[in-house]
Amino acid sequence: MEYNFREIEEKWQQNWKDRKTYQVNEDASKEKFYVLDMFPYPSGAGLHVGHPLGYIASDIFSRFKRHQGFNVLHPMGYDSFGLPAEQYAIQTGQHPAITTEKNIQRYREQLDRIGFCYDWDREVRTSDPAYYKWTQWIFELIFNSWFNKDSNKAEGISSLIEKFETNGNYNVNAAQPEDWYKSIDRKVFTFFSANWQGDFSATDWKSMNEEQKELLLMHFRLAYLADSVVNWCPALGTVLANDEVKDGVSERGGHPVEQKLMRQWSMRISAYAERLLTGLDGIDWSESIKEVQRNWIGRSEGASIRFQVDGHQEQIEVFTTRPDTIFGVSFMTLAPEHALVPKITTPEFKDAIEKYQAAAKLKTERDRQSDVKNVSGQFTGAYVIHPFTGAKIPVWIGEYVLLGYGTGAVMAVPRGDQRDWDFAKKFNLPIPNILEDIDISEKAEASKEAILCNSDFLDGLSYKEAVPRVIEELEKMEIGQGKINFRMRDAVFSRQRYWGEPFPVYYKGEIPRIIDSKELPVTLPAVDKYLPTESGEPPLARATDWNYKGNTSHPMEMNTMPGWAGSSWYFLRYMDPHNNETFADAEKVKYWGQVDLYMGGAEHGTGHLLYSRFWTKVLADHGYISFDEPFKKMINQGMILGRSSHVYRINGTNKFVTFENKDEYDVQQLYVDVNIVDNDVLDREAFVNWLPEYNNAEFILNEKGEYTCGWAIDKMSKRWFNVVNPDDLCDKFGADTFRAYEMFLGPLEQHKPWDTKGINGVHNFLRKFWRLYHDKNNVISISNDAPTKAELKTLHKTIKKVTEDLNRFSWNTVVSTLMICVNELQEQECNKKEILEPLCILLSPYCPHIAEEIWEMLGHKDSVVAQKWPVHNEEYLQDDAFDYPVSFNGKTRFFLSLPVALSQADVEVQVRGNDQTVKYLEGKEIKKVIVVPKRIVNVVV
RNA sequence: GCCUAGGUGGCGGAAUUGGUAGACGCGCACGACUCAAAAUCGUGUGUCUUCGGGCGUGUGGGUUCGAUUCCCACCCUGGGUACCA
């Protein structure tokens with residue numbers, strides 16, 4: 001029988017389905033292992049060869065672990081809320097649920113062909129009400145939480161209310177902005193005085209009405225409603241989170257984004273900044289993605305200092321990482337939008353300041369960034385008083401100071417900061433020297449090594465010594481303190497879209513109220529159109545049939561949750577996907593625990609991977625789960641790039657010149673469909689028929705009479721005509737070949753070009769493998785004879801290497817090892833059962849269909865999936881006589897037959913082939929013989 | 001600028017702890033089978049060579065009996081990030 005992969009693969013895929021081979025259940029007698037893929041958004045385009053790369057790798061690892069006796073959880077699902085389906089709905093009126101369902105089916109068909117071992121009974125979809133019921137539940141949990149900085153944990157809001165009732169907020173150390181009380185509406189809180197600083201007593205609390213209590217609590221909750229400056233994208237008609245904006249335009253679609261003040265839900269992720277940062281040390285992720293998160297969190301240590309404005313009540317607070325350079329301050333710079341600017345600007349500079357502010361406002365975020373080199377600024381006419389010297393320091397505004405970072409104000413030390421230095425030079429401000437022996441006429445010196453001078457009580461100190469000294473002094477004077485600043489902002493959680501989770505929230509007046517968790521889910525209502533209303537409200541404002549009937553008189557929240565809501569906890573739902581009582585049964589969560597191996601792209605560093613960690617920590621703080629990091633180890637697969645082909649048209653003609661001769665003409669390079677190019681040779685007939693414009697193309701051929709195409713490596717895209725579809729490859733070569741080839745391509749984490757012609761090599765390997773088990777007439781033929789030593793050695797070294805490679809996540813080298821093994825066994829004409837049976841198990845993670853088929857042909861009734869992973873025996877690997885090359889002065893001079901008695905003490909070397917013992921080499925006495933592992937003996941004279 | 005991953009034949013890549021660099025595959029060349037082609041099988045394939053050997057892992061140094069591997073300096077490429085005070 002020939003290797004008929006089509007029949008075999010169809011047969012076993014059906015068989016696995018019927019036998020539920022890959023169903024897993026909690027089993028206390030077995031050790032668990034959780035292998036997870038980042039679940040896909042089911043787009044309409046289907047899969048190309050790049051998508052399954054990570055799925056194949058994780059599938060192989062799951063199967064390997066299963067063979068090793070682990071109880072492996074390996075689920076798959078869909079991140080099925082999202083923009084494209086909604087955009088399609090806007091254009092066609094088709095409900096996004098229908099589009100999504102169709103796309104999911106297409107995805108499933110494509111995935112099934114590749115032969116994955118997912119337990120499909122555990123499939124989750126974020127857009128399924130049975131799923132988002134629990135997304136809504138978690139939202140309510142977060143809403144009903146505050147972050148206690150004393151315990152460094154989220155706690156239930158009731159513990160906060162208890163505190164308020166006994167002591168007001170006197171002993172409350174909650175995560176919230178320092179100036180939170182400033183945004184309290186004084187029309188509602190009339191009993192607080194004008195200069196109220198945020199403190200209230202138990203009596204105050206008790207005297208408040210329901211509305212006032214709720215408004216106050218909102219400033220403590222981990223999910224809160226607030227007026228915040230958000231990234232508004234007019235083209236998409238929605239707000240975006242910071243991680244969804246890149247270079248001032250939306251990540252999806254590249255539409256411009258503007259800053260806008262809106263009342264929005266936010267998540268107080270900033271409360272977890274420190275824990276999100278330190279948690280990185282304990283997880284096995286790539287250094288680069290950890291670095292992305294560290295930068296995003298942006299922790300910097302320094303001090304905040306308040307400068308008194310000369311002649312005003314006001315103080316300007318700055319944050320600096322270099323409080324040691326305080327004696328080098330020669331001016332202050334505020335962000336143009338800083339709230340104090342209008343208050344302190346003197347009349348004579350009012351016009352100039354307003355002009356500057358207006359100009360700054362006109363510039364987009366993007367313009368401001370691209371204009372970095374241009375130093376600009378404007379003096380306000382105001383001065384602050386230096387806290388130590390009493391000197392008058394001019395206050396400027398400048399674009400280089402950002403309102404969103406720190407306090408929006410900097411103390412400028414031109415001596416130590418290049419931007420301050422540039423600013424000082426441009427506007428002729430003084431550059432006082434505070435560092436010993438360093439020239440500052442050309443540039444600033446930011447070194448932390450230098451010794452301070454001209455700095456009063458800091459003279460002679462280094463950065464390390466000076467910082468605590470200054471902070472001590474500032475605290476004594478009550479004008480500053482040591483401070484840790486974070487770059488990370490809270491995450492906006494509202495989207496003005498239809499196709500997302502509805503909030504379980506209705507409004508009583510201005511006050512949002514949570515819908516009782518027993519009444520969840522609040523399902524997405526039908527709407528007549530998927531566009532915002534004429535008055536600019538989100539699409540959900542069109543809904544008339546909310547399933548939540550309890551408060552028909554009260555309006556519902558009309559925003560929906562962002563895309564990352566559902567994906568922030570899906571890995572927990574897989575553990576218990578059908579539970580209707582809780583998001584996942586506590587016992588089951590305890591059993592499956594953390595994800596042991598998480599496979600996916602590296603592009604989610606500041607989005608999904610951060611939010612998942614955040615939600616996991618909240619759930620852990622409330623005791624629902626016992627771990628506060630979701631993904632123990634993560635591997636980010638690289639992108640598979642396309643190899644696109646070029647043809648060269650002579651300008652002004654319809655003549656195409658072959659690659660070899662293209663330099664002789666003035667040509668234009670054009671992309672050509674890779675499917676009509678074989679081994680860089682163009683199928684001219686297919687080309688002529690490909691596009692109408694090429695119907696009458698003429699060719700200038702090479703010497704062989706062929707047209708050779710040029711090529712380049714590009715991203716796989718329809719635009720370059722270089723998309724390769726996995727279905728075609730499964731048709732032509734089979735899923736087993738496809739799986740092995742994707743791994744064989746190169747290291748998983750690296751970006752690498754796809755090259756279809758290389759797949760033949762792997763296909764041939766599988767045919768050879770098949771032939772190992774068959775005789776010349778293609779009849780299964782296996783002998784029960786004892787294997788030879790050489791055969792055992794081949795097998796055992798293969799077992800050893802394959803096992804080692806899989807344990808160190810080196811998927812690509814395994815394929816080569818198996819190829820070498822098959823080549824050797826073929827040479828040895830091995831047909832021994834004792835060798836070929838374990839080999840079949842070794843292959844099965846990579847090529848499960850062919851392994852199953854052969855396993856059955858060998859007379860087994862059970863599945864190869866259930867077989868124990870073979871273990872190698874060192875005994876078979878030893879060489880009994882090997883010629884060791886002897887290296888003398890770095891060059892191989894002669895060979896020794898081993899075993900010989902050699903140790904470092906021996907100075908006599910026995911030469912192969914005779915009994916001669918040498919004491920001298922090239923006339924020099926041998927002093928030392930070095931025996932090293934592997935195959936070299938070194939002689940030192 | 002900073003962070004991060006890399007740089008090995010015509011190509012993808014291997015070399016795990018410092019130990020025969022280029023495994024395995026593609027491509028290419030030659031041969032077998034064939035009227036012929038495809039497919040398949042076999043042989044060869046870093047480079048120079050006076051056939052002894054010489055040179056070779058981005059560049060230049062260093063450590064070592066021995067360096068793709070370790071150390072120092074530099075160059076280049078991919079990815080991330082930034083007037084972050």
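Heavy atoms only: backbone and side chains are in, while hydrogens, waters and symmetry mates are out. Lettering follows sequence order; numbering is per chain, from 1.
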Applying side-chain hydrogen bond (donor to acceptor under 3.5 Å, both in side chains), name anything that partners [X], two or more places apart in sequence or on another chain.
| X | answer |
| --- | --- |
| A:Asp422 | A:Gln418 |
| A:Arg6 | none |
| A:Glu291 | A:Arg294 |
| A:Gln826 | none |

Can you check the distance between [N] and [M], where both ends of the measurement are the [atom1] atom (answer in whole Å)?
| N | M | atom1 | answer |
| --- | --- | --- | --- |
| B:U20 | B:C11 | C1' | 25 Å |
| B:U50 | B:A38 | C1' | 44 Å |
| B:C2 | B:C70 | C1' | 26 Å |

Proximity to the side chain of [X] - top-ranked nucleotide from [options]:
| X | options | result |
| --- | --- | --- |
| A:Arg808 | B:A15, B:A5, B:C83 | B:A15 |
| A:Met819 | B:A14, B:C24, B:U4 | B:C24 |
| A:Asn823 | B:A23, B:G25, B:G13 | B:G25 |
| A:Asp755 | B:A15, B:C26, B:C83 | B:C26 |

Based on Watson-Crick and G-U pairs with both distances under 3.5 Å, what dot-bracket line describes RNA chain B 5' to 3', crossing pairs as [ ] and inter-strand pairs as |? (((((((..(((......[....)))((((((.......))))))(((....)))..(((((..]....))))))))))))....
Between protein and nucleotides 39-41 of chain B, what N or O pairs are separated by less than 3.5 Å?
unit_1	atom_1	unit_2	atom_2	d
B:U40	OP1	A:Asn764	OD1	3.3

Which is true for [X] with a 4.0 Å heavy-atom rule: it touches a base, it touches only sugar-phosphate, or it touches nothing?
| X | answer |
| --- | --- |
| A:Asn485 | nothing |
| A:Glu291 | sugar-phosphate |
| A:Glu749 | nothing |
| A:Ser816 | base |

I want to check one thing: is the phosphate of B:C84, taken as OP1 and OP2, less than 4.0 Å away from some side-chain N or O of A:Arg419? yes
In chain order, what residues pass the side chain to side chain contact (heavy atoms under 4.5 Å, CB included) check against [X], with sequence neighbours excluded?
| X | result |
| --- | --- |
| A:His604 | A:Met38, A:His608, A:Leu609 |
| A:Val674 | A:Ser645, A:Asn722 |
| A:Lys800 | A:Glu804, A:His872, A:Glu874, A:Leu877 |

For A:Leu334 and A:Ala409, the nearest pair of non-hydrogen atoms, with its separation, is CD2-CB, 3.4 Å
Contacts table for residues 318-328 of chain A: side-chain donor-acceptor under 3.5 angstrom, sequence neighbours left out:
unit_1	atom_1	unit_2	atom_2	d
A:Thr320	OG1	A:Arg322	N	2.9
A:Arg322	NE	A:Asp324	OD1	3.1
A:Arg322	NH1	A:Ala446	O	3.0
A:Arg322	NH2	A:Asp324	OD2	3.1
A:Arg322	NH2	A:Ser447	O	3.4
A:Thr325	OG1	A:Arg322	O	2.8

Run the ring-centre check on A:Phe331 versus A:Phe427 and record whether the distance is less than 6.0 Å. no
Taking NZ from A:Lys290 and P from B:U81, how many angstroms apart are they, rounded to a whole number? 19 Å
Residues at least two apart in sequence or cross-chain that pass salt bridge (Lys or Arg N to Asp or Glu O under 4.0 Å) with A:Lys752, listed by chain then number, are none
In residues 599-606 of chain A, which residues come under 4.0 Å of RNA chain B by heavy atom? none
